[in-house]
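Quick notes on the structure that follows.
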Amino acid sequence: MCGIFGVYNLPGDAHAFRQRALFLSKKLRHRGPDWSGCTVAGNHILCHERLAIVGVESGAQPLTNDDETLILSVNGEIYNHKALRKLCPEGTNFKTQSDCEVILHLYKHMGAEVVKHLDGMFSWVLLDTKKNRILAARDPIGITTLYQGWNSKQPGTLYFASELKALNEECDRIIAFPPGHIFDSETGETTRYFQPTWWDGEKIPANPVDYKLIRESLEKAVRKRLMSEVPYGVLLSGGLDSSLIASIAARETQKMIDGTVPLNKDGDDVDESAVDSWPRLHSFSIGLEGSPDLAAARVAADFLKTVHHEYTFTVQDGLDAIADVVYHLETYDVTTIRASTPMYLLSRKIKAMGVKMVLSGEGADEIFGGYLYFHAAPSAADLHTETVSRVKNLHYADCLRANKSTMAWGVEARVPFLDKSFLEVAMNVDPKDKMSFKGKMEKHILRKAFDTSDDPTAQPYLPDSILWRQKEQFSDGVGYSWIDSLKDTALAKVSDETFAKAADRWPKDTPQTKEAYWYREVFERWFPQDACTESVVRWIPRGDWGCPADPSGRAQKVHDSAYEKKA
């Protein structure tokens with residue numbers, strides 16, 4: 001991934017704005033420390049901060065076609081770029097080995113329809129100087145981040161950037177660009193191009209569980225995400241989701257080493273170049289000393305024979321990082337900040353080792369109803385509707401966390417569970433099979449899909465202690481005292497008198513706890529403009545299901561270490 005910044009239809013001389021654009025783009029350089037680029041065309045300007053992972057030596061951006069009438073700035077990865085190159089007319093001149101260049105050439109022949117053919121995670125802005133046209137698009141689920149801004153004093157001017165911090169000084173209205181959508185200046189409209197069969201949450205699927213299909217679809221999703229020319233690893237918390245991704249990645253990495261990687265449906269080999277420089281899969285975990293996640297990750301890593309790197313942090317380390325985490329995450333959501341802080345600290349360690357890409361397990365809880373509050377779902381239909389809603393809003397929560405916590409240090413996180421094809425399978429399973437209750441653990445069908453206990457000849461994916469481990473939200477699993485310390489710190493920082501005036505200070509989205517008040521105050525320090533709050537959405541469990549408002553998994557009655565059980 002990278003950082004992109006663009007302005008369309010500046011009212012004055014775009015060349016005069018160039019230095020200002022470079023300054024704003026520099027605010028994104030943590031996302032792309034490898035190279036910077038800037039292209040001015042007419043009264044438009046595109047900038048790029050590059051993290052080189054594919055086409056390392058030749059993929060500097062913004063990219064242009066032969067006559068430089070098309071200019072493209074991309075953040076992300078296009079996994080099917082080799083197959084898409086075959087759709088380009090014979091004789092098409094590819095200037096680079098970048099997986100993103102194919103967007104330029106296909107746009108020339110199919111226009112905005114190109115976005116429907118992309119399989120990957122991406123946000124991009126494409127300028128067609130002949131038509132004075134700009135397109136902006138974001139991947140189906142919002143794994144990558146993209147913001148759009150306007151300045152009321154510059155009607156007709158549009159701003160785009162990977163992060164809020166590049167826009168908040170220029171724009172008086174900023175939105176999170178909607179995932180699965182494309183903006184076209186020819187029509188002035190932003191339309192949804194992503195049209196999966198499961199999108200309507202009121203339409204309840206009835207497909208029986210196909211465990212083999214779930215397993216094979218996830219394996220394919222992991223395999224395609226090993227496209228890399230640089231060393232990669234896996235984030236391993238010891239929970240089900242990250243451990244499954246690590247298990248599959250370990251198997252696929254071994255296949256690359258053995259030279260037995262299967263061809264994909266388009267006949268393209270998986271890129272094996274990264275394995276040459278770092279042949280064993282590396283895994284990374286973090287937690288407070290003695291935390292549940294560190295212990296479980298150790299078990300998983302030993303079983304998978306990864307080169308495992310375990311890092312401990314102190315509560316003070318985490319508290320010291322809160323202001324920086326809010327700056328990089330650009331949110332005041334309690335759940336996101338709690339979970340992002342350990343991930344932010346871990347990403348710094350990972351980058352120090354020279355790793356630029358990691359696989360992560362985000363998305364499974366939303367897809368399979370894995371959060372413990374799903375135990376309280378009144379019915380299967382309610383559960384399904386909630387899972388669809390959670391997946392649609394991942395870009396405000398876990399996708400935002402995974403992207404910005406890692407990219408704060410120039411590390412790219414890839415999330416196989418959010419693969420389009422895997423979603424098409426998993427989101428169409430009869431929700432009755434996703435229901436959790438006493439005797440049936442959350443994400444049962446995912447666990448069952450990778451349970452080989454009924455086949456003594458099969459190589460197990462994970463030990464039973466990991467495969468059937470209860471859900472721990474990351475902010476809990478790193479050590480229960482982490483959240484407790486955050487709450488205690490907030491109590492000390494925010495007086496009763498100050499908290500009583502929260503609604504006066506913030507009538508919209510008023511903080512409901514002192515912890516939330518603290519984060520909102522820090523957010524306002526970094527982003528004082530009113531325009532900055534429109535893109536923030538808070539993550540809370542379903543109160544109408546009788547769930548506590550505290551987003552911690554331990555706040556749910558079914559948790560083995562629930563607060564009320566410890567009282």
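Here the structure is a predicted model, which is why all the values come from computation and not from measurement. Note that these values count all heavy atoms, side chains included, but never hydrogens, waters or copies made by symmetry.
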I367 backbone acceptor or donor facing K434 side chain under 3.5 Å:
yes
Side-chain donor-acceptor pair under 3.5 Å between T314 and D317, yes or no?
yes
Any side-chain donor-acceptor pair under 3.5 Å between S453 and D451?
yes
If you measure only the distance, is there a donor-acceptor pair under 3.5 Å linking the side chains of E386 and Y371?
no
Not counting sequence neighbours, which residues clear side-chain contact (heavy atoms from CB on, under 4.5 Å) with Q254? List them please.
I257, D258
Mutual orientation of the aromatic rings belonging to F284 and H309 [parallel < 30°, tilted 30-60°, perpendicular > 60°]
parallel
Counting only heavy atoms from other residues, nucleotides and ligands, does the tally under 6.0 Å from NZ of K349 exceed 12?
no
Should R401 and D398 count as an ion pair when the cut-off is N to O under 4.0 Å?
yes
Using only heavy-atom distances, determine whether the side chains of E362 and S360 contain a donor-acceptor pair under 3.5 Å.
yes
No-hydrogen, no-angle side-chain donor-acceptor test under 3.5 Å, D382 and S379:
yes
Check D210, T197, N207 against N428 for a side chain to side chain donor-acceptor pair (under 3.5 Å) and give me the one that passes.
T197
What do the steps show when you test N403 against R31 for side-chain hydrogen bond (donor to acceptor under 3.5 Å, both in side chains), and what is the final call?
CA-CA 10 Å; N403 183 280; R31 300 182 63 88; 2.9 Å; yes
Give a yes or no on this: more than 12 heavy atoms of other residues, nucleotides or ligands lie within 6.0 Å of atom NZ of K432.
no
Flag the pair R447 and E442 as a salt bridge only when some basic side-chain nitrogen lies within less than 4.0 angstrom of an acidic carboxylate oxygen.
yes
Quiz question: by atom type and distance under 3.5 Å, do the side chains of S405 and S347 form a donor-acceptor pair?
no
Heavy-atom neighbours of K305 NZ exceed 12 at 6.0 Å:
no
Within a 6.0 Å radius of atom CD on E289, are there more than 12 heavy atoms belonging to other residues, nucleotides or ligands?
no
Under a 3.5 Å threshold, yes or no: a donor from one side chain and an acceptor from the other, between D509 and T533?
no
Does K165 count as lying over the ring of Y327, i.e. NZ or CZ under 6.0 Å from the six-ring centre, within 45 degrees of the axis?
yes
Is it the case that R251 places NZ or CZ above or below the six-membered ring of Y461, under 6.0 angstrom from the centre and within 45 degrees of the axis?
yes
Check the surroundings of atom NZ in K220: do more than 12 heavy atoms from other residues, nucleotides or ligands lie under 6.0 Å from it?
no
Are Y332 and E521 linked by a side-chain donor-acceptor pair shorter than 3.5 Å?
no
salt_bridge(D419, R225) N-O dist < 4.0 Å
yes
